[in-house]
Peer 1: 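Encoded as structure tokens, here's the structure I'll be asking about.
The first residue in the sequence is number 1, and the count goes up from there. Just follow the structure's listing: the first ligand is 1, and inside any ligand the first atom is 1.
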Amino acid sequence: MNCKTLSQASHEKEVVRPRALGEPVLVSQPLLPQLSELMPILEQIWERKYVTNHGPLHQLLEAELRGYLGVDTAMLFNNGTIGLITALKLFDLPPGSEVITSPLTFAATAHAISWNGLKPVFADVLPDTLTVDPEAVSRAITENTSAILGVHVYGTLCDFDALSVLGASHGIRVLYDAAHAFGATKDGVPIARFGDASIFSFHATKLFNTLEGGLIATPNAQDAEKIYNLRNFGIKSEEKVVEVGINGKMNEVQAAIGLLNLRHVADEKAKRRQLRKRYCEVLVGLEGIQTQPEQPGVENSEQYFPLVIDETRYGRTRDDIYDELKERNVFARKYFHPICTDFEPYRHVPVVSTRAIPYVTEVKSRVLCLPFHSGVSQDAVTVISDVFHGRS
Ligand SMILES: *Cc1c(COP(=O)(O)O)cnc(C)c1O
């Protein structure tokens, strides 16, 4: 669903319009199972006294996700950041080598590169998808480049074809931060089949969550053993340590929540699709408001509802809208502003671009994510509509 496919705005009926919401509405709200479905499973865990270290629920969830994500290797982690760090470790990239990524992402993407003793290099984003620009990536490649880490930001997919051509022609790895793209497919193909590895986050803010959690997916069955070792201190057997591993294990309570949430994901996604439609009806026809692009053949992950607000055409700035929403108890987020190169550790790193001024430095002050989850009421949509249409 995309705003452009809507032929006509729905005519809003005369209703009592709340000026502000009684309860705050946040950008995300964790999908949680009913306590009544969780309790019997917790009782079983307590009974077994098997609470972590690849327990039975962990194994079950891993098997289910392997199927859901359509990959040969799907390895759970205690969070997405440790998953990212471990995925970069998987390919033995030369120490100090460069990994090209997008500056328009959550800090963890760049930090995972740095934590591996690798050098993050930032390439500009494309104006339509806001994912990394393959042309800029191509310019950023040097003899020290060892990998590209694309980000499916807001669930909008990277240009797989162009990045895989770059990866193959330069003999470098292509990985994807898929934290926003759980369950997305392209032409029916699950996205984790593209590239060398995709890393998911199951943090509470993500559509499918285990409170904290993550996963590395790869299209290669052979990767499982090395990831397993890296996740578990490199321990191969009781008396053998074969890798500089970390503790990336997910515990049984997290796995239980994951097993239950996996049953509710389809329902939550359907509700978000409806919300996307309602937002589009509200925004259609507003000059200077760009919604998430509809990518041909792509099933959207329904993670975020991002907007790009062009103040020169719309008349008001992103920050005006953000503040007005906040006054009415609606908490949108300026994801991802500031961008990585605004952060202290990366301030000296330039953004490689095909333009004189990187597009990302313009768009960062225009992006806004509206509250996007099943807890967003019709009243909230009305209040948001009033703000965008300048009704008091
Ligand atoms: C959430 C997120 C992460 C980090 O995941 P955690 O599970 O919170 O460690 C990484 N990258 C992106 C783009 C994210 O949104």
Peer 1: side-chain contact (heavy atoms from CB on, under 4.5 Å) with Glu23: which residues, sequence neighbours excluded?
Peer 2: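 For Glu23 there are no side-chain contact (heavy atoms from CB on, under 4.5 Å) partners, ignoring immediate neighbours.
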Peer 1: Judged by modelled atom types alone, do Asn53 and Lys249 share a side-chain donor-acceptor pair under 3.5 Å?
Peer 2: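 Yes, a side-chain donor-acceptor pair sits under 3.5 Å.
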Peer 1: For each nitrogen or oxygen atom of ligand 1, which protein N/O atoms lie closer than 3.5 Å, and how far apart are they, rounded to 0.1 Å?
Peer 2:
unit_1   : atom_1 : unit_2 : atom_2 : d
ligand 1 : 5 (O)  : Ser201 : OG     : 3.1
ligand 1 : 7 (O)  : Gly80  : N      : 2.8
ligand 1 : 7 (O)  : Ser201 : OG     : 2.7
ligand 1 : 9 (O)  : Gly80  : N      : 3.3
ligand 1 : 9 (O)  : Thr81  : N      : 2.9
ligand 1 : 9 (O)  : Thr81  : OG1    : 2.6
ligand 1 : 11 (N) : Asp177 : OD1    : 3.4
ligand 1 : 11 (N) : Asp177 : OD2    : 2.7
ligand 1 : 15 (O) : His180 : NE2    : 2.7
ligand 1 : 15 (O) : Lys206 : NZ     : 3.2

Peer 1: Would you say the ring centers of His180 and Phe372 fall short of 6.0 Å from each other?
Peer 2: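 When the ring centroids of His180 and Phe372 are compared, they turn out to be at least 6.0 Å apart.
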Peer 1: Please list all pairs passing the ring-ring contact (aromatic ring centres under 6.0 Å, His included) test where one or both residues lie in residues 190-217, with sequence neighbours left out.
Peer 2: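 Listed by first then second residue: Phe160-Phe194, Phe182-Phe202, Phe182-Phe208, Phe202-Phe208.
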Peer 1: In terms of heavy-atom contacts, does NZ of Lys334 have more than 12 from other residues, nucleotides or ligands at under 6.0 Å?
Peer 2: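 Result for NZ/Lys334: enclosed.
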Peer 1: Write out all pairs satisfying ring-ring contact (aromatic ring centres under 6.0 Å, His included) with one or both partners inside residues 223-256, taking only residues at least two apart or from two chains.
Peer 2: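 Applying ring-ring contact (aromatic ring centres under 6.0 Å, His included) to every pair that reaches into residues 223-256, excluding sequence neighbours, yields His54-Tyr228.
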